[in-house]
Amino acid sequence: MLNFDFYNPTRIVFGEGTVAQLAQLVPPAARVLILVGGASAEKTGTLAEVRAALGARSVNVFSGIEPNPSYETLMRAVDQVRGQDIDFLLAVGGGSVIDGAKFVAAAAHYEGDPWNILETGGAKITRALPFGAVLTLPATGSEMNNGSVVTLKATQTKLPFRSVHVFPQFSVLDPTKTYTLPTKQVANGLVDAFVHITEQYLTYPVQALAQDRFAEGLLQTLVEIAPQAIAAPEDYATRSNLMWTASLALNGLIGAGVPQDWATHMIGHELTALYDIDHARTLAIVLPALLDVQRDKKRAKLLQYAQRVWGIDAGSEDERIDAALAATRHFFESLGIPTRLAAYGLGTAAVNAVVGQLGAHGMTRLGEHGDIDLAVSRAILEAAL
Ligand code: NZQ
Ligand code: ZN
């Protein structure tokens, strides 16, 4: 096991009817800015429920945070925070809104150009406004981690940042708030959570026995609940398991003391920035191809994954790995998420464009060994055609 320093201060308030607890969770004298995306928070009644719970507090709302939140939109929220002397943020939505709140919290009093937050991956953040979240889309784990991804639309640059200062103080996870999700967003959530786990698990062994078993259990849970999560939007037990599994997939626990890959995400972010493909769908395209191209570097963990997650233990090593990759691809496709670039109308021109963007963004030494250079990224994208 590698050295690690695990820290996660986010309080999770879980269960049906927990939005009302905002009355206790948000400081009574707070000047609150609620951040939402498009129409869903309003249409589903969640925004009204949040407002009611906040009672007589000073409350303003900023709406319009788009999926894959843009720097340009978020800077308008920063202006509102500064102009209205806001001292507490409350994100109500999915990963885009929560990521947006993290950026606004850090940018509100940032010394210098706020885009520098993305350029430096959050390293220069020294403080941030306190904020909480009400999660309405289980997928990213943003409700319980200190990461965020923001896009500068002007240059199609989508970059991550993280900082110890941008953990949510609390997140309210009420599974009934996911009942209104479109099927495609539920499918996205299952795949995003799945790939968060593989980024922290399908690398190389470091005798992290607990993290491996934990990661394998989360993967098996996602595979087990997926059909019901799609088929029965109001199945409370299934949505509870989806919500909590997605949070545990990226709250730091399974990633403590183990090597991490993240190349699938970095390549996927470029596909989203260039072609506006949903985040999770870019992962479904890249992961199977990346595991195939990197199979020799990942051999031990791929065989363990085949056996422990998919029950595959017959045949040669490569036959077992092939079967595990096929099972992974089939899982994504069974959720209605295509895994080939061609299914999104993309071909060699897109491979060239993504490789160009990876180079422009310094993404030239990706993966747990830092060995995925532009040539390997090209091979991965070509394997995904
Ligand atoms: O915009 P609104 O009206 O809110 O509609 C949203 C949005 O259109 C809708 N929605 C959300 N909750 C709903 C709902 N519709 C009906 N009922 C509800 N209860 O769903 C759409 C997608 O929402 P979004 O927040 O964009 O999706 P997701 O949660 O998948 O977040 C994706 C973003 O998270 C980033 C991605 O890069 C992407 O920008 N990620 C954040 C990570 C992190 N912070 O750790 C890690 C991830 O790997 C990922 O990169
Ligand atoms: Zn993700």
Side-chain angles (χ1 to χ4, degrees), residues 8 10 19 34-47 49 63-71 73-74 91-103 118 122 133-151 153 158-163 166-168 171 173-200 233-234 239 242-243 246-247 249-252 255 260-273 276-284 286-287 337:
N8 190 321
T10 301
V19 169
I34 301 172
L35 298 125
V36 295
S40 78
E42 180 98 53
K43 254 182 9 203
T44 58
T46 302
L47 182 55
E49 202 179 335
S63 66
I65 296 179
E66 60 273 85
N68 304 301
S70 77
Y71 175 79
T73 298
L74 297 173
V92 179
S96 291
V97 175
I98 300 172
D99 280 11
K102 290 175 181 176
F103 174 79
L118 280 302
V134 174
L135 180 69
T136 65
L137 197 174
T140 63
S142 190
E143 67 279 6
M144 196 176 181
N145 70 36
N146 64 341
S148 170
V149 186
V150 174
T151 300
K153 272 215 163 96
K158 179 178 173 85
L159 293 175
F161 75 91
R162 67 180 50 259
S163 163
V166 293
F167 277 103
S171 286
L173 273 59
D174 176 347
T176 67
K177 297 302 159 206
T178 74
Y179 289 178
T180 53
L181 280 167
T183 301
K184 115 180 175 119
Q185 293 302 344
V186 179
N188 284 351
L190 287 156
V191 170
D192 198 15
F194 192 97
V195 181
H196 291 157
I197 300 160
T198 60
E199 297 277 25
Q200 302 168 82
E234 303 204 1
R239 289 299 170 92
L242 173 56
M243 213 167 204
S247 298
L250 197 52
N251 71 352
Q260 303 196 20
D261 185 339
W262 295 105
T264 298
H265 268 72
M266 295 305 114
I267 297 168
H269 286 167
E270 302 302 349
L271 281 166
T272 294
D276 207 20
I277 300 171
D278 288 354
H279 168 65
R281 288 159 193 263
T282 70
L283 308 179
V286 177
L287 181 71
I337 297 185

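Atom set for the values below is all heavy atoms of this structure, side chains included, hydrogens, waters and symmetry mates excluded. Both counts, for ligands and for their atoms, begin at 1 and track the order of listing.
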Can any side-chain N or O of Q260 pair as donor or acceptor with the backbone N or O of G255 at less than 3.5 Å?
-> yes
To the nearest 0.1 Å, how far is atom 29 (O) of ligand 1 from its closest protein heavy atom, and which atom is that?
-> G95 N, 2.7 Å
In terms of its nearest heavy atom to atom 35 (C) of ligand 1, the top option of L159, V92, V150, D99 is D99
Within less than 4.0 angstrom of ligand 1, does P69 place any heavy atom?
-> yes
Atoms of ligand 1 less than 4.0 Å from N145 heavy atoms?
-> 43 (C), 44 (N), 45 (O)
Do N145 side-chain atoms and L250 backbone N/O form a donor-acceptor pair below 3.5 Å?
-> yes
Keeping the roles fixed (side chain from K102, backbone from G147), state whether a donor-acceptor pair exists under 3.5 Å.
-> yes
What part of I98, side chain, backbone, both or neither, has a heavy atom within less than 4.0 angstrom of ligand 1?
-> neither
Among the heavy atoms of A39, does any lie under 4.0 Å from an atom of ligand 1?
-> yes
Using modelled atom types only, decide if a donor and an acceptor are shared between the side chain of S63 and the backbone of G37 within a distance under 3.5 Å.
-> no
Is the closest heavy atom of D192 to ligand 1 under 4.0 Å?
-> yes
Minimum-distance protein heavy atom relative to atom 19 (N) of ligand 1 = K177 O, 2.9 Å
Do the rings of F161 and F103 sit parallel, tilted or perpendicular, given the 30° and 60° boundaries?
-> perpendicular
For ligand 1, which atoms have a heavy atom of G147 less than 4.0 angstrom away?
-> 43 (C), 44 (N)
Residue, atom and distance of the protein heavy atom nearest atom 5 (O) of ligand 1 read S40 OG, 3.6 Å
Sub-3.5 Å N/O-N/O distance, T136 and ligand 1 = yes
shortest atom 16 (C) of ligand 1-to-protein heavy-atom contact is with T180 O, 3.4 Å
Near H265, which atoms of ligand 1 are under 4.0 Å from a heavy atom of that residue?
-> 48 (O)
Residue E66 excluded, over 12 heavy atoms near CD under 6.0 Å | yes
Just by distance, do the side chain of D278 and the backbone of A280 share a donor-acceptor pair under 3.5 Å?
-> no
What does the angle at the Zn ion (ligand 2) come to, between atom NE2 of H279 and atom NE2 of H196, rounded to 10°?
-> 170°
Taking the N/O/S atoms of D192 one by one, which is nearest to the Zn ion (ligand 2)?
-> OD1
Give the numbers and elements of all ligand 1 atoms closer than 4.0 Å to a heavy atom of H196.
-> 46 (C), 47 (C), 48 (O)
Would you find a donor on one side and an acceptor on the other, under 3.5 Å apart, between the side chain of Q200 and the backbone of A249?
-> yes
shortest atom 8 (O) of ligand 1-to-protein heavy-atom contact is with P67 CG, 3.7 Å
Within less than 4.0 angstrom of ligand 1, does H269 place any heavy atom?
-> yes
Without hydrogens or angle criteria, can the side chains of N8 and N251 be said to hold a donor-acceptor pair below 3.5 Å?
-> no
Atom 1 (O) of ligand 1: nearest protein contact (heavy atom, Å) = G38 N, 2.8 Å
Atom 34 (O) of ligand 1 - nearest protein heavy atom and its distance | T140 CG2, 3.3 Å
Say whether S142, considering both its backbone and side-chain N or O atoms, lies within less than 3.5 Å of an N or O atom on ligand 1.
-> yes
Quick one: does K158 get within less than 4.0 Å of ligand 1, heavy atoms only?
-> yes
Contact atoms of ligand 1, heavy-atom distance to G37 under 4.0 Å = 1 (O), 4 (O)
Is the closest N or O pair between H279 and ligand 1 shorter than 3.5 Å?
-> yes
Closest to atom 24 (P) of ligand 1 among protein heavy atoms sits S96 OG, 3.5 Å
Checking side-chain hydrogen bond (donor to acceptor under 3.5 Å, both in side chains) for the pair S142/D99: CA distance, chi angles, key distance, verdict?
-> CA-CA 7 Å; S142 190; D99 280 11; 2.6 Å; yes
